[in-house]
Amino acid sequence: MKAPVLLRAACVASIVCASGTAGANAFGASVADGPHGAPAQAAAMTASGPSSGHPRVCASWARWERFRRDFVSKDGRVIDVGSADERTVSEGQSYALFFALVANDRASFDTILHWTEHELAQGDLASHLPAWLWGRDEAGQFRVLDANAASDADLWIAYALLEAGRAWGERSYTARGTLLAKRVLDEEAATLPGLGPTLLPGPAGFHPAADTWRVNPSYAPLQVIRGIGAHLPDDTRWPRLAATSARMLIDTAPRGFSPDWALYRAKGFAPDEQTQAESAYNAIRVYLWAGMLAADDDARTKLLERFAPFAAYIERHGAPPERVDTRTGTPGENDGNAGFSAAAVPFLAARGQSALADAQAARADHEAAPGYYTSVLMLFGLGWRERRFSFAADGTLHSAASECGAAR
């Protein structure tokens, strides 16, 4: 069973040269060099995407290099440094695959993929969903600690494989991504009454009663679901899953704050009392995913409007809230950390609140030694801001891997 996952996220053709001066980027936020040499690196060369027209940074990605140095072992395991069991979660492996792809770093991609497949998926991602938790047991042995899978990680792994197959012309990636994606729908989704095909957090443990299902809104990034569907157009379940996921994101946030977890019954969504309907370390990703949607994504406008209270809180307080009671919209006492600010950057930029996005990026960039999860949020939020990647309306990826030539 996967109860521990409740705590998982907590523990153009023309050339553009990026100088140290600030300038407006294609996403509505200004770009300026931060204290760690990013977002713009001196004389970084960019090229436009074939359809987006957005400049794409092709220079090496310093943030990814630091993440790889600090959290990725030589054999490709992403380690939650500082955790008591020296754990690795499938989420971390999935994100690292995506970042390696964005960085056009095929060597790291292959190393991370090999470890993921052999240690979490019994040597075959096409036949087995990866276990979500691996680490040191009470006897001191490193092994799979929980064999249940996590659907968000599985989506991101499938997406990274399909996009890597397209970018690098590697059929084996495409084949594995295709089979893994099918397995996600077959084993980690259910057709809920009155809703339709819905992503559950994993294959076991999320149907606690005959008429009740537990969902996690942050597990359903619309661009990833749409992107997989674009690669696999013959499977009509993907656009249907995107539609029900968009409804879930809206309906689980009546006060404008997404919960970490929610329940669904035949009458609709309800608060998850087990977690006091809290918005915290899972839900921060909902705003991140929404902010990174393409400008012409069908769900974007409604999501930006629904989560306006999140932006309003940041405007009043200078930082996102760490925790919110989504039943009342009441925030907790503490601000979120630097990763929360980084996750808010795309969302604020998408809403046209560029100065506020700049301030959150600056707050994030002053974090000297971010941990694993904070670093992930920074790679996503600030990497998007730096034009390292973007998503088309159909979910396909624009990045260095697809647009900047040979892989490293």
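We number each residue from 1, following the sequence as shown.
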(message) If the condition is salt bridge (charged side-chain N to carboxylate O under 4.0 Å, His left out), which residues does E315 pass it with, not counting sequence neighbours?
(response) none
(request) Please name all residues satisfying side-chain contact (heavy atoms from CB on, under 4.5 Å) with T116, sequence neighbours left out, ordered by chain then number. (result) Q93, I112, L120, I157
(request) Can you tell me which residue pairs pass the salt bridge (charged side-chain N to carboxylate O under 4.0 Å, His left out) test with a partner in residues 250-259, sequence neighbours excluded? (result) R247-D251
(request) Sort and list the pairs that fulfil salt bridge (charged side-chain N to carboxylate O under 4.0 Å, His left out) and have at least one residue in residues 289-310, not counting sequence neighbours. (result) R226-D297
(request) State, to 0.1 Å, how close L222 and A246 come at their nearest heavy-atom pair, and which atoms those are. (result) CD2-N, 3.8 Å
(message) Please identify which of these residues, R63, R68, R69, meets the salt bridge (charged side-chain N to carboxylate O under 4.0 Å, His left out) condition with E65.
(response) R68
(request) Name the orientation class of the two ring planes belonging to W64 and F67 (parallel below 30°, tilted from 30 to 60°, perpendicular beyond 60°). (result) parallel
(message) Centre-to-centre under 6.0 Å for W134 and F142, is that the case here?
(response) yes
(request) Would you please name every residue forming a side-chain contact (heavy atoms from CB on, under 4.5 Å) with R327, sequence neighbours left out? (result) P271, E273, Q276, A277, D325
(request) Could you pull out the closest heavy-atom pair between D70 and V81, with the gap in Å? (result) O-CG2, 3.6 Å
(request) Count the heavy atoms belonging to other residues, nucleotides or ligands that lie under 6.0 Å from NE2 of H207, then report whether that count exceeds 12. (result) yes
(request) State, to 0.1 Å, how close Y159 and G395 come at their nearest heavy-atom pair, and which atoms those are. (result) OH-O, 2.6 Å
(message) Does anything in residues 334-356 form a salt bridge (charged side-chain N to carboxylate O under 4.0 Å, His left out)? List the pairs, not counting sequence neighbours.
(response) none
(request) In plain terms, say whether D137 and R143 are close enough for a salt bridge, that is, a side-chain N and a carboxylate O under 4.0 Å apart. (result) yes
(request) Go through the structure and list residues passing salt bridge (charged side-chain N to carboxylate O under 4.0 Å, His left out) with E170, not counting sequence neighbours. (result) R106
(request) Kindly state each residue pair satisfying ring-ring contact (aromatic ring centres under 6.0 Å, His included) with at least one member in residues 318-353, sequence neighbours excluded. (result) Y281-F340, F310-F347
(request) Determine, for D260 against R323, whether the closest basic-nitrogen to carboxylate-oxygen distance falls under 4.0 angstrom. (result) no
(request) Using side-chain contact (heavy atoms from CB on, under 4.5 Å) as the criterion, list what pairs up with P370, not counting sequence neighbours. (result) E367, T374, S375, M378
(message) Could you work out, with side-chain hydrogen bond (donor to acceptor under 3.5 Å, both in side chains) as the rule, every residue matching T301, not counting sequence neighbours?
(response) none
Could you go through residues 230-238 and list every donor-acceptor pair under 3.5 Å that involves a side-chain atom there, pairing it with any protein atom two or more places apart or in another chain?
residue : atom : partner : partner atom : Å
H231    : NE2  : E163    : OE2          : 2.9
D235    : OD1  : R237    : N            : 3.1
D235    : OD1  : R237    : NE           : 3.0
D235    : OD2  : R237    : NE           : 3.4
D235    : OD2  : R237    : NH2          : 3.0
R237    : NH1  : D186    : OD1          : 2.9
R237    : NH2  : D186    : OD1          : 3.4

(message) Can you tell me which residue among F109, F389, W384 is in a ring-ring contact (aromatic ring centres under 6.0 Å, His included) with F98?
(response) F389
(request) Report the residues that fulfil side-chain contact (heavy atoms from CB on, under 4.5 Å) with R316, sequence neighbours left out, ordered by chain and then residue number. (result) A312, Y313
(request) Identify the two heavy atoms, one from A319 and one from R363, that lie closest to each other, and give their separation to 0.1 Å. (result) CB-CZ, 3.6 Å
(request) For the residue pair W156 and W289, categorise the inter-ring angle as parallel (less than 30°), tilted (30 to 60°) or perpendicular (more than 60°). (result) tilted
